[in-house]
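Read the numbers this way: they start at 1 and go in the same order the structure lists the ligands and their atoms. FYI, the numbering just counts along the sequence from 1.
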Amino acid sequence: MRTKQVYFDCGVCNMRKIGIMGGTFDPIHNGHLRVAEEVRQALGLDEVIFMPAGNPVLKQDRDVTSAQDRFAMCLLATADNPHFSVSDSEIKRAGITYTVDTILELHKLHPAAKLFFIVGTDAAEFFHKWRGHQQILENCQLVVVARNGDEKPARDCVCGDFHWVEITQLDISSTQIRQHMVDGKSIKYLVPDGVREYINKQGLYKGQVANLSTLLAIELSRPRYNHSLEVMKEALALGRHYNADEATLKKLEIAGLLHDCAKNMCEELPYNEIEEVCNRSGYPLPDFFRKVPILAHGYMGAVLAKRVYGIDDPEISSAISCHTFGKPNMSFLEKVIYLADFIEPTRPESRARATARELAYKNIDKAMIFVLELIINRNKSLGRDIYPKSQQALDYLEEHDGS
Ligand code: ATP
Ligand code: MG
């Protein structure tokens, strides 16, 4: 299916000249559009077909946005140019897509047309490694444009002759646009307005944490949601302070954000219902929780993290499940979430909290001992039962010297 047909009679050879812009277009941006427009003018092409890849062979290392979304964005981006059209022939093809199959297909469809396959220097650099590159050159002419001020490639690099078209250098990439979205930065003037609106409306490229927090904001009360964001930030700050690696930081971010995801639910639903769900989900609630039902929100949080938020990482689940009372031999992740929950800056300020915060950034085990002792003593003085795991957590740390 092609979105527009552009018929043109060149008057001399009666042969249409068709440019093909292949790419992942995840998303399509003004760099792509300007390349197509300038090459079309320079070579007198009648039309340029944008061909979003289905399952691109060169992008197997990351999750590519759905073909439908990428196709829709190409349509929006090219709608106002009568010389541009979008083809869905690659996205309809099953399996990994190769350019050579596309060129052969187009050649069959337009036997009398001259085909021009347009690539940037970054793509041209590896052209000699593309499957069927010789066949591509036999069936179309290659057009190379500079990217980021690159030099014209050697003829050998692309295994034959090619057109070199000088174009305005626009340092724009889809990678940069996706990153801007994750960082919450504007993408205005990098993509056409219609594409920007589509990205925002469909919630594309927001990143896992942003998507989780959108869901969480619906689930939790405003103060509880704000507290969750603060715990997430504090956990990240502690993680960075202790030079945690990227994978641990990501886990801290998610566990911090979701640690209380079941808190409101546990306050609202009858305990029996919570108990039933936890029992069925592999988190049987200890009998002790009947005396202090709110302790169940950690276990229920781990259940919701998996079922509702799709987080099925045992380390994250464990940090969520024990964040209120601790346990013996806690991991770094578990300790950081426990402490971040206590010291995050929107908690009411007190001398004890200030000391806990100071200790947390000096010695994480000493901070754990301090906070566990504080909470155990506070509960004892109020005549409340102490959940044995808290005492065990404290005993373990003291036995292991808290260093
Ligand atoms: P990503 O960052 O995800 O790799 P991209 O911006 O490189 O995305 P692609 O869809 O990979 O976009 O590129 C399709 C084609 O467009 C490639 O041939 C590429 O070289 C070319 N191209 C993309 N952006 C530019 C640009 N700013 N200037 C020149 N050519 C470009
Ligand atoms: Mg690219």
- Could you tell me which atoms of ligand 1, counted from 1 in the order shown, lie closer than 4.0 angstrom to a heavy atom of Gly22? 14 (C), 15 (C)
- Query: Is there a heavy atom of Arg34 sitting under 4.0 angstrom from any atom of ligand 1?
  - Reply: no
- Message: If you measure every N or O of Ser174 against every N or O of ligand 1, does any of those distances drop under 3.5 Å?
- Response: yes
- Contact check, Ala53 vs ligand 1, heavy-atom distance below 4.0 Å: no
- With sequence neighbours left out, what residues match Leu215 under side-chain contact (heavy atoms from CB on, under 4.5 Å)? Tyr309
- Query: Going by atom types alone, do Ser331 and Glu315 pair a side-chain donor with an acceptor below 3.5 Å?
  - Reply: no
- Give the ring-plane orientation class for His163 versus Phe116, where under 30° counts as parallel, over 60° as perpendicular and anything between as tilted. tilted
- Message: Applying side-chain contact (heavy atoms from CB on, under 4.5 Å), can you list everything that pairs with Tyr242, at least two apart in sequence or on another chain?
- Response: Leu238, Phe332, Ile364
- Message: Heavy atoms only, cut-off 4.0 Å: how does Gln176 contact ligand 1, side chain, backbone, both, or neither?
- Response: neither
- Consider every N or O of Thr121 and every N or O of ligand 1, then say whether any pair is closer than 3.5 Å. no
- Out of Pro52, Gly23, Gly120, who gets a non-hydrogen atom closest to atom 21 (C) of ligand 1? Gly120
- Task: Report the member of Arg70, His32, Gln179 with the shortest heavy-atom distance to atom 23 (C) of ligand 1.
- Result: His32
- Item | Contact (N/O only, under 3.5 Å) between Ala123 and ligand 1 | no
- Item | Basic-acidic side-chain contact under 4.0 Å: Asp193, Arg196 | yes
- Message: Has His180 got a side-chain atom pairing as donor or acceptor with Ile187's backbone, closer than 3.5 angstrom?
- Response: no
- Task: State whether Asp260 and Arg224 are salt-bridged, where the test is any N-O pair (Lys NZ or Arg NE/NH1/NH2 against Asp/Glu carboxylate O) under 4.0 Å.
- Result: yes
- Side chain, backbone, both or neither: Leu170 near ligand 1, heavy atoms under 4.0 Å: backbone
- Salt-bridge test for Arg353 and Glu349: reply yes if a basic N is under 4.0 Å from a carboxylate O, no otherwise. no
- Selected option - heavy-atom contact closest to atom 20 (O) of ligand 1, from Asp122, Val144, Thr175, Asp150: Asp122
- Note on the structure: Atoms of ligand 1 under 4.0 Å from any heavy atom of Val119, numbered from 1 in the order shown, are 18 (O)
- Would you kindly say whether Lys306 and Ser281 are connected by a side-chain donor-acceptor distance under 3.5 Å? no
- Message: Checking the N or O distance criterion of under 3.5 Å, is ligand 1 in contact with Ile172?
- Response: yes
- Message: Can you tell me which portion of Arg178 lies within the under-4.0 Å heavy-atom range of ligand 1? Options are side chain, backbone, both, or neither.
- Response: side chain
- Here the atoms of ligand 1 under 4.0 Å from any heavy atom belonging to Ser173 are 2 (O), 6 (O)
- Query: Judging by distance only, is a nitrogen or oxygen of Val145 under 3.5 angstrom from one on ligand 1?
  - Reply: no
- Query: Does Asp26 have a heavy atom less than 4.0 Å from any atom of ligand 1?
  - Reply: no
- Task: Describe, in one word, how the ring planes of His227 and His259 are oriented to each other, choosing from parallel (under 30°), tilted (30 to 60°) and perpendicular (over 60°).
- Result: perpendicular
- Query: Considering only heavy atoms from C-beta outward, does the side chain of Ile28 approach that of Arg70 to under 4.5 Å?
  - Reply: no
